[in-house]
Amino acid sequence: MQSSFHVAIIMDGNGRWATARGRPRQIGHRAGAEAVRRIVIGAPPLGIDVLTLYAFSSDNWQRPITETAGLMKLFSNYLRRETATFVEKGIRLTIVGRRDRLPADARRAVDTAEAATRAGTALQLRIAIDYSARDAIVLAAHKARQQPTMPLDRDRFAWLLGEATHAGHAVPDVDLLVRTGGEQRLSDFLLWECAYAELMFSRKMWPEWTAADLAAAVADFRMRERRFGALPDAAAAS
Ligand code: FPP
């Protein structure tokens, strides 16, 4: 039973957006950070309770150091700049993923922003950085193995997965997964949590995304019939 509305977004297309304008990729990431700002502010009025944004996958470390270092700096600056707004709007921030490989400055920015926004209840904003769904599942499985006498079922595994990704609780299933930038793949994002997610792929590059795009995605989602493997109501009654 879903108790909260969870939207997750794979923010793709920063690089192509910049390249198409003859600009360096980092300019695309900067424009992407502005889009993050718009989407975060636009989420609570749409009834979104949990918003998970994929900002940096564990596989993204394979990119050139100039790009990864630039992104880390961008994340730190974003968190520092936005914390006051988060507090004012009741947004609780959590970073999802590994923290031990983040630069010290980014770790400090994460700790400060998380502590400052802890009391927020209007929106749970989860930003995935150095995140791999498969690594999180493996980590949760290790945790389960360390407690062999505890019965293991879906709910308990979801809780362990929450622990593995620093949520500190079971993360609600994703209701709507959006990927921008025209590609149609999951890229190791929330594989367990997306078991019954509605998928939506947008051709627009992430820096062009606005609150109106998010509203349209939510409106489309609300038209869909979710069956979770059961029959539609009419068929079940016949
Ligand atoms: C994928 O697009 C995007 C990323 C790897 C970085 C995402 C970063 C942001 C949206 C900006 C800042 C985020 C926060 C949370 C402040 P890509 O660059 O791989 O695009 P491409 O496929 O067009 O090359």
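A quick note: this is a predicted structure, and the numbers were derived from the prediction, not measured. The first residue in the sequence is number 1, and the count goes up from there. Ligands are counted one by one from 1 in listed order, and the atoms in each one are counted from 1 as well.
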In the protein, what heavy atom is nearest to [atom], and what distance, to one decimal place, separates them?
atom                    : answer
atom 3 (C) of ligand 1  : M11 O, 3.2 Å
atom 9 (C) of ligand 1  : N14 ND2, 3.3 Å
atom 13 (C) of ligand 1 : F75 CE2, 3.5 Å
atom 21 (P) of ligand 1 : R16 NE, 3.5 Å
atom 16 (C) of ligand 1 : Y78 CG, 3.4 Å
atom 19 (O) of ligand 1 : R63 NH2, 2.7 Å
atom 2 (O) of ligand 1  : D12 OD1, 3.1 Å

Exercise. Would you say the side chains of T165 and R126 form a donor-acceptor pair under 3.5 Å?
Worked result: no

Problem set entry | Side chains of D12 and T180, donor plus acceptor under 3.5 Å | no

For this session: Run down the list M205, E82, H29 and name the one with the heavy atom closest to atom 11 (C) of ligand 1.
Result: H29

Exercise. Does some side-chain heavy atom of F56 sit less than 4.5 Å from a side-chain heavy atom of T68?
Worked result: yes

Check for me whether [X] has a heavy atom closer than 4.0 Å to any atom of ligand 1.
X    : value
A55  : yes
R25  : yes
N60  : yes
W206 : yes

Exercise. So with a 6.0 Å cut-off around CZ of R30, is the heavy-atom count from everything else above 12?
Worked result: no

For this session: Flag yes if L53 and L46 sit in one hydrophobic cluster, no otherwise; membership is Ile, Leu, Val, Met, Phe, Trp, Tyr, and two members link when side-chain heavy atoms are under 4.5 Å apart.
Result: yes

Problem set entry | Shared hydrophobic cluster, V96 / V50 (ILVMFWY, side-chain heavy atoms < 4.5 Å) | no

Exercise. Any ion pair linking D105 and R80 (charged N to carboxylate O, less than 4.0 Å)?
Worked result: yes

Exercise. Under 4.0 Å between a Lys/Arg side-chain N and an Asp/Glu carboxylate O for D220 and R224?
Worked result: yes

Problem set entry | Any N/O pair L74/ligand 1 closer than 3.5 Å | no

Exercise. Going by the angle between their ring planes, with limits at 30° and 60°, are F157 and W192 parallel, tilted or perpendicular?
Worked result: tilted

